[in-house]
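Basis for what follows: all heavy atoms, side chains included, without hydrogens, waters or symmetry-related copies. Residue numbering restarts at 1 for every chain, and letters A, B, ... go by the order of the sequence lines.
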2 protein chains.
Amino acid sequence: MAVQRPTTSRRVTALDVAREAGVSRATVGFVLNDTPNQTISEGTRERVFRAAELLGYRPNSAARALASGRSRIILLVLPDWPAEYRLRDYLDEVSLVLDKAGYSLVTYTRQPSQSARPLWESLNADLVIGTASFSAPDVASMLACGVRAIHPDPDHPYRPDVSLAFSAGPELQVEHLHERGHRRLVYAAFTEPYASSMVVARHAAANERARALGLPDLDLRRIDYREGAPQQVVREWLDAGITGVVAFNDDVAAAVVGTAVRAGLTLPADLAVIGHDDSPIAAMFVPSLSTVRIDTAALGRQFGEFVLHRVDGRPLPTPRVSAKPVLVARETS
Amino acid sequence: MAVQRPTTSRRVTALDVAREAGVSRATVGFVLNDTPNQTISEGTRERVFRAAELLGYRPNSAARALASGRSRIILLVLPDWPAEYRLRDYLDEVSLVLDKAGYSLVTYTRQPSQSARPLWESLNADLVIGTASFSAPDVASMLACGVRAIHPDPDHPYRPDVSLAFSAGPELQVEHLHERGHRRLVYAAFTEPYASSMVVARHAAANERARALGLPDLDLRRIDYREGAPQQVVREWLDAGITGVVAFNDDVAAAVVGTAVRAGLTLPADLAVIGHDDSPIAAMFVPSLSTVRIDTAALGRQFGEFVLHRVDGRPLPTPRVSAKPVLVARETS
DNA sequence: CTGAAAGCGCTTACAG
DNA sequence: CTGAAAGCGCTTACAG
């Protein structure tokens with residue numbers, strides 16, 4: 001198929017459509033935007049639609065944003081590139097829900113370098129979403145750039161129920177190890193570059209469940225995987241009487257399990273490990289990793305609805321279904 | 001620190017800055033944009049900068065885009081979420097180079113669902129970059145949406161030297177297995193959702209090197225990791241006399257190695273496997289995975305320069321340094 | 001039921 | 001060296 005180039009290099013505007021349809025340019029806007037309180041005859045509507053289709057009209061988003069004061073862009077600031085396996089399905093669903101409501105989701109990871117201008121300066125987002133509270137300078141910068149809403153709301157306390165912590169996951173991890181008879185647990189995560197705020201939130205969720213089960217709090221242990229096999233960390237745990245490791249994700253679980261195997265330990269007899277995500281690596285690893293699978297698609301849909309509530313004032317669907325995570329017990333627990 | 005809210009909810013405009021500085025609004029634009037062929041006195045410049053600083057002025061990007069016809073946004077369409085470990089450094093560097101030139105990089109992964117409108121419809125990008133050629137309908141849609149440039153250029157043949165294939169990586173993988181005495185090799189990748197175009201490009205690079213070394217072509221074998229351990233695939237290879245596996249990335253290598261270990265094979269005696277990326281999992285896996293590390297940061301910088309060449313017509317820096325990949329030989333080769 | 005017109009906040013020739 | 005003014009392509013009261 002040959003690429004259809006416009007004969008004139010000029011882009012098609014609403015005025016072109018109006019001329020083609022024989023109406024005013026305002027009418028074109030009313031029809032195409034389905035503006036309420038405008039009664040347009042069916043014949044006119046038809047003609048406008050046909051003309052727009054014929055000419056391949058796409059509204060200029062910059063002009064629309066300038067005139068309406070809304071860009072219909074939602075910016076999601078991620079703590080890290082979405083390397084997490086399940087995050088993909090999650091973001092796909094969020095994106096889909098927003099798209100249906102006429103919004104576009106843009107994901108964005110801050111550069112480590114200070115010099116780079118944050119994306120909200122050039123994007124004119126209606127709403128900026130973070131996975132943790134934004135710093136005061138960030139909030140000030142967003143407001144100066146015309147961002148209309150920020151989540152988490154800087155004026156209100158942080159609402160962890162809509163974060164990416166997926167607290168049901170860590171809770172199930174703890175429950176599982178508890179059921180298997182483990183009482184002394186530790187929470188393991190990597191040091192940078194992994195998402196700090198998500199680590200903190202999931203660790204907190206694990207601790208909450210541990211307390212409810214009458215277990216002592218889980219220490220948060222950050223491992224630098226770049227320093228090679230962290231043999232001594234595992235030794236320390238054994239010396240301290242730890243028998244179960246709750247890992248932030250499957251990569252962390254793999255690091256711990258790999259180290260333990262090389263140290264000659266038998267899993268889960270000497271040490272039980274449970275990951276999070278059920279990423280491909282969990283099944284491939286030798287021994288295969290016990291883990292927890294989150295219905296991220298359902299949570300993504302739910303978060304999408306929440307975002308529309310924030311940006312459009314739509315009512316939140318109630319009752320909100322809390323998607324239950326699934327335990328995937330394999331060889332490490 | 002308290003969040004500084006503007007006293008009036010109205011956003012600060014160039015007119016406000018002009019009034020504060022006691023100049024015309026046009027002068028504000030000239031100073032802040034450093035417009036060439038405008039000679040503004042140093043005193044005036046100072047006053048404008050001070051006023052803009054004082055008021056916290058941020059130009060409205062929608063107005064700017066509408067008036068200038070350029071958004072200074074570059075859209076990178078990724079074949080998949082950046083799950084690849086090394087892609088992260090790469091994108092960081094591209095982003096940084098573009099930011100210094102006043103451009104913002106937005107990364108974007110197409111939704112599997114057909115219904116969602118592509119992001120270039122709402123973003124007004126100056127340049128859309130793909131990792132493979134775009135379909136004719138996509139190109140038509142971009143042009144209708146005012147995209148000024150597309151890469152790979154739909155009017156010119158695909159230039160693989162600026163793709164994400166990193167052809168030096170696959171070449172080194174093949175060289176290494178060849179050096180270790182392997183003559184019958186196979187190229188392994190996952191089925192969806194992994195990046196098809198990158199698989200094809202890397203497989204081609206591996207084949208090119210194999211031919212130069214006098215080896216037979218590598219078959220491309222796609223494995224569905226969701227179907228559990230692909231035992232029979234490994235069996236087939238052994239029966240066919242294959243002794244070396246070149247894997248698309250470390251995850252694929254892990255799947256193959258895990259399967260082989262479970263099947264009771266000894267690596268690398270029975271089968272040699274080499275991954276790509278040197279991701280954390282490569283060192284953690286038992287046995288640890290031989291792999292290839294790419295200087296993705298250098299390649300990212302190079303690609304950033306190329307993008308600026310495409311969008312701004314800047315000269316390409318020559319000679320272009322081809323960042324040499326590093327072999328990381330571990331237990332599987 | 002439809003249209004003329006002001007306005008969003010910039011950029012950019014052009015005139016002094 | 002600086003400013004007045006047109007124009008980018010929409011949206012949206014407002015008037016018929």
Next on the checklist: Less than 4.5 Å apart, side chain to side chain, heavy atoms only: is that true for Ser141(A) and Trp120(A)?
Outcome noted: yes
List the atom pairs, with distances to 0.1 Å, where a side-chain N or O of residues 44-52 of chain A and a protein N or O form a donor-acceptor pair under 3.5 Å, not counting sequence neighbours.
{"unit_1": "Thr44(A)", "atom_1": "OG1", "unit_2": "Ser41(A)", "atom_2": "OG", "d": "2.7"}
{"unit_1": "Arg47(A)", "atom_1": "NE", "unit_2": "Ala21(A)", "atom_2": "O", "d": "2.9"}

Item to check | Lys/Arg-Asp/Glu bridge criterion (N-O < 4.0 Å) met for Arg11(A), Asp16(A) | outcome: no
Checklist outcome for this item: Taking every heavy atom of Leu316(A) against every heavy atom of Glu305(A), the minimum-distance pair comes out as CD2-O, 4.1 Å
Checklist entry - Using a cut-off of less than 4.0 Å, is there contact between a side-chain N or O of Thr44(A) and OP1 or OP2 of dT2(C)? => result yes
Checklist outcome for this item: Protein heavy-atom contacts under 4.0 Å, written 5' to 3' over nucleotides 6-12 of chain D as B (base), S (sugar-phosphate only) or - (none), form the string -BBBBSB
Checklist entry - Hey, does Ser61(B) reach any base, or is it just sugar-phosphate, or nothing, if we go heavy atoms under 4.0 Å? => result nothing
Next on the checklist: So, does Thr27(A) get its side chain near the phosphate of dT2(C), meaning an N or O under 4.0 Å from OP1 or OP2?
Outcome noted: no
Item to check | Pairing annotation in dot-bracket form, given for DNA chain C with Watson-Crick or G-U pairs under 3.5 Å and | for cross-strand partners | outcome: |||.||||||||.|||
Item to check | Phosphate contact (dA4(D) OP1 or OP2) by Ser24(B) side-chain N/O below 4.0 Å | outcome: no
Using a 3.5 Å cut-off and no angle test, enumerate the donor-acceptor pairs between side-chain atoms of residues 98-105 of chain A and protein atoms at least two apart in sequence or in another chain.
{"unit_1": "Asp99(A)", "atom_1": "OD1", "unit_2": "Arg117(B)", "atom_2": "N", "d": "3.1"}
{"unit_1": "Tyr103(A)", "atom_1": "OH", "unit_2": "Asp312(A)", "atom_2": "OD1", "d": "2.7"}
{"unit_1": "Ser104(A)", "atom_1": "OG", "unit_2": "Ser122(B)", "atom_2": "OG", "d": "2.7"}

Checklist entry - Does anything in residues 134-143 of chain A pair up under salt bridge (charged side-chain N to carboxylate O under 4.0 Å, His left out), and if so which pairs, sequence neighbours excluded? => result Arg110(A)-Asp138(A)
Checklist entry - Okay, side chain of Arg25(B), backbone of Arg19(B): is any donor-acceptor separation there less than 3.5 Å? => result no
Checklist outcome for this item: Sorted by chain and residue number, the salt bridge (charged side-chain N to carboxylate O under 4.0 Å, His left out) partners of Arg72(A) (sequence neighbours excluded) come out as none
